Amino acid sequence: MTSKKQLHLTAFMRPVSLHSGAWRYPGAYPDANFNLKHLKSFIQELERAKFDAFFMADHLAVLNQPEEALRRSHTVTSFEPFTLLSALSQVTSKIGLAATATTTYDEPFHVARRFASLDHLSEGRAAWNIVTTGNPETAKNFGLDEHVQHTDRYKRAREFYDVVTGLWDSFADDAFVRDQESGLYFEPSKMHVLNHVGENLKVRGPLNIARPVQGWPVIVQAGQSEPGRQLAAETAEVVFCSPKDIEGARVLYADIKGRTAKAGRNPEHLKILPAALIIVGETKEDAQEKRLRLDSLAHSDSAVASLSIALGTDVSKYDLDGFLPEDLPETNASHTARAAVLALAEKEGLTIRQLASRYGGYAGLAFVGTAESIADEFELWLKEEAADGFTVCFPFLPEGLENITKKLIPELQQRGLFRSDYKGSTLREHLGLPRPRNRFFEE
């Protein structure tokens, strides 16, 4: 199999592994999620392997789990994304730095200023992962008793995007003349006051920082619901998603790319990168043995709690050896996660206990095999237009990461499926994305 098209690969690194048993794996760093020394070594290894970006999810509350499950979690403590990425920007020079920031529990001016700062500190490597926040417990940390409704979160998100990008365009690229002789620091005619007044937001502006190096940091979006897909089509440049298989991925890919074209955008300027757990072994049997060992380390206390989070309702009150009730209560948490559980339960006829076992470790898309077999699958997904690349999730660290960078990446490079070196210095250049024009000033 051959392909002229190349994969884009981002590394999912907050948490450093989505698998709940990762921190217990033999040889793993149990504190990897909250140890700057380890995180510096991880991102430098990823940069040597020429990854597009280091991607950080974020949560503004501890996971909504009962204490017996929460005490098993290696994600209960994590660095705030901007603090960490600002530090990591100074020990790297090429790899992109993607952070999550919520449109529901933050303000546009804060978000615009933080990402503009990160883009300048990193010389053009920042990306904003737009989320509307699924965890209902977050509301209680921001003065609310109830989570904002799903549809309202997406309405605010769409307007939020317009405000943030408008703030990034506050100054023309050549506004700051810094003429020491005349004493003119910037040209006032090249500063725009936004004066946004909308349904959800009121922001005057301008942003008190120069336009980002990339014009705008790269826009990442992670929703798969109906409003999430539409938001991605209208705004995103990278879509982080979680299809279960190649058939579902092809449908999702065609849908979002089609919406992008209808929105008047070039579909090539939107990269769809499904999340995938990657386990590389010397043989397929070796890789499968690693997966089984890893799954065995997901504590049973976490299993039912993880399933409850995915469904948005506590399933411990039901008969665990029975099936999910048909009248399962509606949820105001993630609709995509809930739909995935219900589809899996129906497809495989799983009891609640069996579903919990699956969700206790990692239930998403996974590639488990040799470097060669996984490269074959990656190539197929690229050829079949199921993905433009992947958001790589690591099974355990450091071994699981190094198996990918030292075994899988060279195999992909040999086939011409992945870059051997960076051809630019900004994240937009890595992803083949244009620099946005400033809507308020001619360039």
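The figures here come from the full heavy-atom set of this structure, side chains too, leaving out hydrogens, waters and symmetry mates. Starting from 1, each residue takes its place in the sequence as its number. Just so we're clear, the structure is a prediction, and the values are computed from it rather than from any experiment.
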Next item on the list: Would you check, one step at a time, whether the test side chain to side chain donor-acceptor pair (under 3.5 Å) holds for D169 with W216?
Entry: CA-CA 8 Å; D169 285 344; W216 302 352; 3.0 Å; yes
Starting at [atom1] of [X], measure out to [atom2] of [Y] and round the result to the nearest 0.5 Å.
X: K50; Y: L46; atom1: NZ; atom2: CG; result: 11.5 Å
X: I272; Y: E385; atom1: CD1; atom2: CD; result: 10.0 Å
X: T235; Y: Q221; atom1: OG1; atom2: CD; result: 6.0 Å
X: Q414; Y: I409; atom1: CD; atom2: CD1; result: 13.0 Å

Which heavy-atom pair separates [X] from [Y] by the least distance, and what is that distance?
X: I256; Y: L270; result: CG2-CD2, 4.1 Å
X: F142; Y: Y105; result: CE2-O, 3.6 Å
X: A375; Y: L417; result: O-CD1, 4.2 Å
X: T165; Y: R439; result: OG1-NH2, 2.7 Å
X: S122; Y: A126; result: OG-N, 3.8 Å
X: L7; Y: G389; result: CD2-CA, 3.8 Å

Does a salt bridge link [X] with [Y], judged by any charged N lying under 4.0 Å from a carboxylate O?
X: E226; Y: R259; result: yes
X: R158; Y: E234; result: yes
X: R114; Y: D106; result: yes
X: E384; Y: R250; result: yes
X: R125; Y: D119; result: no
X: D173; Y: R435; result: yes
X: E411; Y: K407; result: no
X: E399; Y: K290; result: yes
X: E45; Y: K406; result: yes
X: K271; Y: D52; result: no
X: E379; Y: R415; result: yes

Can you confirm whether or not the ring centre of [X] sits under 6.0 Å from the ring centre of [Y]?
X: F115; Y: F82; result: yes
X: F378; Y: F367; result: yes
X: Y422; Y: H430; result: yes

Notebook entry, point to check: After noting the C-alpha distance and the side-chain angles of E247 and K347, does the key distance pass the salt bridge (charged side-chain N to carboxylate O under 4.0 Å, His left out) rule?
Noted result: CA-CA 14 Å; E247 289 78 16; K347 179 181 178 182; over 6 Å; no
Using modelled atom types only, decide if a donor and an acceptor are shared between the side chain of [X] and the backbone of [Y] within a distance under 3.5 Å.
X: T92; Y: I95; result: no
X: Q413; Y: F418; result: no
X: R153; Y: V148; result: yes
X: R229; Y: D255; result: no
X: H59; Y: A61; result: no
X: D245; Y: G248; result: yes
X: R419; Y: Q6; result: no
X: R291; Y: I279; result: no
X: S41; Y: H38; result: yes
X: S86; Y: T83; result: no

Check: Of the options L39, L401, T75, which is the one that meets V16 in a side-chain contact (heavy atoms from CB on, under 4.5 Å)?
Finding: L39
Check: In this structure, which one of L397, I43, N33 forms a side-chain contact (heavy atoms from CB on, under 4.5 Å) with M13?
Finding: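 Only one option passes, and that is L397.
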For [X] and [Y], test the side chains for any donor-to-acceptor distance below 3.5 angstrom and give the result as yes or no.
X: T133; Y: T102; result: yes
X: T104; Y: T132; result: no
X: T151; Y: Q149; result: no
X: D162; Y: H196; result: no

Notebook entry, point to check: Does the side chain of V218 reach to within under 4.5 Å of the side chain of L433, using non-hydrogen atoms?
Noted result: yes
Note to self: Do I374 and V280 make a side-chain contact, defined as non-hydrogen atoms from C-beta onward lying under 4.5 Å apart?
What the structure shows: yes
Item checked: Partner set under side-chain contact (heavy atoms from CB on, under 4.5 Å) for Q288, not counting sequence neighbours ->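 Residues passing side-chain contact (heavy atoms from CB on, under 4.5 Å) with Q288: V368.
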Can you tell me if [X] has over 12 outside heavy atoms packed within less than 6.0 Å of its [atom1]?
X: K244; atom1: NZ; value: yes
X: E80; atom1: CD; value: yes
X: K140; atom1: NZ; value: no

Note to self: Quick test of your reading: applying ring-ring contact (aromatic ring centres under 6.0 Å, His included), list the pairs with at least one residue in residues 246-281, sequence neighbours left out, ordered by first then second residue.
What the structure shows: none
Checklist line | Passing option when F12 is tested against F394, F390, Y362, F55 for ring pair (Phe, Tyr, Trp, His ring centres under 6.0 Å) | finding: F55
Next item on the list: Could you check D58 against T100 for side chain to side chain donor-acceptor pair (under 3.5 Å), going step by step and ending with a plain yes or no?
Entry: CA-CA 6 Å; D58 192 31; T100 294; over 6 Å; no
Over 60° means perpendicular and under 30° means parallel, so tell me whether [X] and [Y] are parallel, tilted or perpendicular.
X: F160; Y: W128; value: tilted
X: F186; Y: F171; value: perpendicular
X: Y154; Y: H150; value: tilted

Item checked: Full working for side chain to side chain donor-acceptor pair (under 3.5 Å) between E137 and H147 -> CA-CA 7 Å; E137 293 299 305; H147 195 21; over 6 Å; no
Margin query: If you apply the rule side chain to side chain donor-acceptor pair (under 3.5 Å), what do you find for S242 with Q224, and how did you get there?
Written below: CA-CA 8 Å; S242 53; Q224 284 180 225; 3.1 Å; yes
Margin query: Let's go through D388 and K257 carefully: what are the C-alpha distance in whole Å and the side-chain angles of both, what is the deciding distance for salt bridge (charged side-chain N to carboxylate O under 4.0 Å, His left out) to 0.1 Å, and is it a yes or a no?
Written below: CA-CA 11 Å; D388 294 307; K257 293 274 188 172; 3.2 Å; yes
